[in-house]
Amino acid sequence: MKVALVTGGTRGIGAGISKELKEKGYHVIASYVSNVESAQKFEQDTGVQTIQFDVSNFEECETAYKKIIAELGKIDVLIHNAGVTADSTLSRMSQDQWHKVINTNLNSAFYLTQLVLEKMISQKYGRLIYISSVNALKGQRGQANYAATKSALIGFSKSIALEVASKGITSNVVAPGYIDTDMVRAVPEKILEKIIGTIPVGRLGTVDEIAHIVSFLADEKSSFITGSVISANGGMY
Ligand code: NDP
């Protein structure tokens, strides 16, 4: 059975990905950082195994990785989904806002990818999937920190794709537009209405629509797709 680690896999887009992969027959481990209550509920409702660690902390990533390997022996699929925002125009952005987003969204990709890659290379199989954002591709006022991390994931993924192309490992990015999750619901209603007005299909996307793409990329048969960025944004460019 293939093992998939979905970071931030207990809520929002990650929860949708975890459920879809479980339905497709993967052994899924969904990670979270602090929201124990929703993680426990998710585990009870879905039967998906959960694990608590902070992706922005290398030692915690390493401990979690070792725990998973001790229990399951391998990780075939890494879905790097955990991410945060800390919005502010650049002139007002604090050092904390900058570093929190860089550490959580980007440094975590380095930590986790480096950890999972060695075994993927030795087993000559792996799927790396990074969740970016439409705002990586078009920029967004108040999100210089967030957009920087999300576009960096694209360069990161494309580079890893080249490094491991001959090893049966693919590395790809999914760039969602605005999806109906807690992260987007936290946007003030008036601003959200304006955003929805700019989405050609006239609505927010659903977590299932993103999970579908991730599951497609994770499939063994998607072996010729690597270094790609797949957008799913309702026509918003
Ligand atoms: P949510 O805020 O709904 O969920 C975020 C998840 O990430 C939670 O499970 C959270 O854990 C986890 N997480 C946050 N920080 C850490 C951390 N330091 N270590 C481990 N886990 C952490 O996010 P969404 O589902 O909306 O977004 C998921 C991904 O998709 C993000 O990378 C986001 O940037 C991206 N995205 C989202 C879009 C949207 O419209 N929603 C659009 C484009 C991209 P806990 O439950 O413990 O808080």
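These values consider heavy atoms only, across backbone and side chains, with no hydrogens, waters or symmetry-generated copies. Count residues from 1 along the sequence. Whatever order the structure lists ligands and atoms in, that order sets their numbers, starting from 1.
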| request: Please check if atom NZ in Lys138 has more than 12 non-hydrogen atoms from other residues, nucleotides or ligands closer than 6.0 Å. | output: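 Yes, enclosed.
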| task | Have a look at ligand 1 and work out which part of Phe53, if any, has a heavy atom under 4.0 Å from it: side chain, backbone, both or neither. | result |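 Backbone only.
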| said: Below a 4.0 angstrom heavy-atom separation, can you tell me which part of Thr104, side chain or backbone, both or neither, approaches ligand 1? | reply: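 For Thr104, only side-chain atoms sit under 4.0 Å from ligand 1.
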May I ask you to list the atoms of ligand 1 that are less than 4.0 angstrom from any heavy atom of [X]?
X	value
Ser133	43 (C), 44 (C)
Val184	39 (C), 40 (O), 41 (N)
Tyr178	40 (O)

| task | Please determine if Ser31 has a nitrogen or oxygen closer than 3.5 Å to a nitrogen or oxygen of ligand 1. | result |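 In fact, backbone or side chain, Ser31 has no N or O that close.
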Check each of [options] against [atom] and report the one with the nearest heavy atom.
atom	options	result
atom 11 (O) of ligand 1	Thr10, Thr85, Val33	Val33
atom 13 (N) of ligand 1	Ala30, Ala82, Ala232	Ala82
atom 38 (C) of ligand 1	Ile51, Asn35, Ile13, Asp180	Ile13
atom 5 (C) of ligand 1	Gly83, Ala186, Ser132	Gly83
atom 10 (C) of ligand 1	Arg11, His80, Lys100	Arg11

For [atom], what is the nearest protein heavy atom, given as residue, atom name and distance?
atom	answer
atom 43 (C) of ligand 1	Pro176 O, 3.4 Å
atom 6 (C) of ligand 1	Gly8 CA, 3.7 Å
atom 36 (N) of ligand 1	Tyr146 OH, 3.5 Å
atom 40 (O) of ligand 1	Ile179 N, 2.7 Å
atom 19 (N) of ligand 1	Val55 N, 2.9 Å
atom 14 (C) of ligand 1	Val84 CG1, 3.8 Å
atom 42 (C) of ligand 1	Gly177 O, 3.0 Å
atom 31 (C) of ligand 1	Asn81 O, 3.1 Å

| message | Let me confirm one number: the OG1-CG distance from Thr149 to Asn103, rounded to the nearest 0.5 Å. | response | 10.5 Å
| task | Take every heavy atom of Thr7, measure it against each atom of ligand 1, and state whether any distance is under 4.0 Å. | result | no
| said: So if I apply the side chain to side chain donor-acceptor pair (under 3.5 Å) rule between Asp76 and each of Gln123, Lys2, His27, Arg127, which one comes out positive? | reply: Gln123
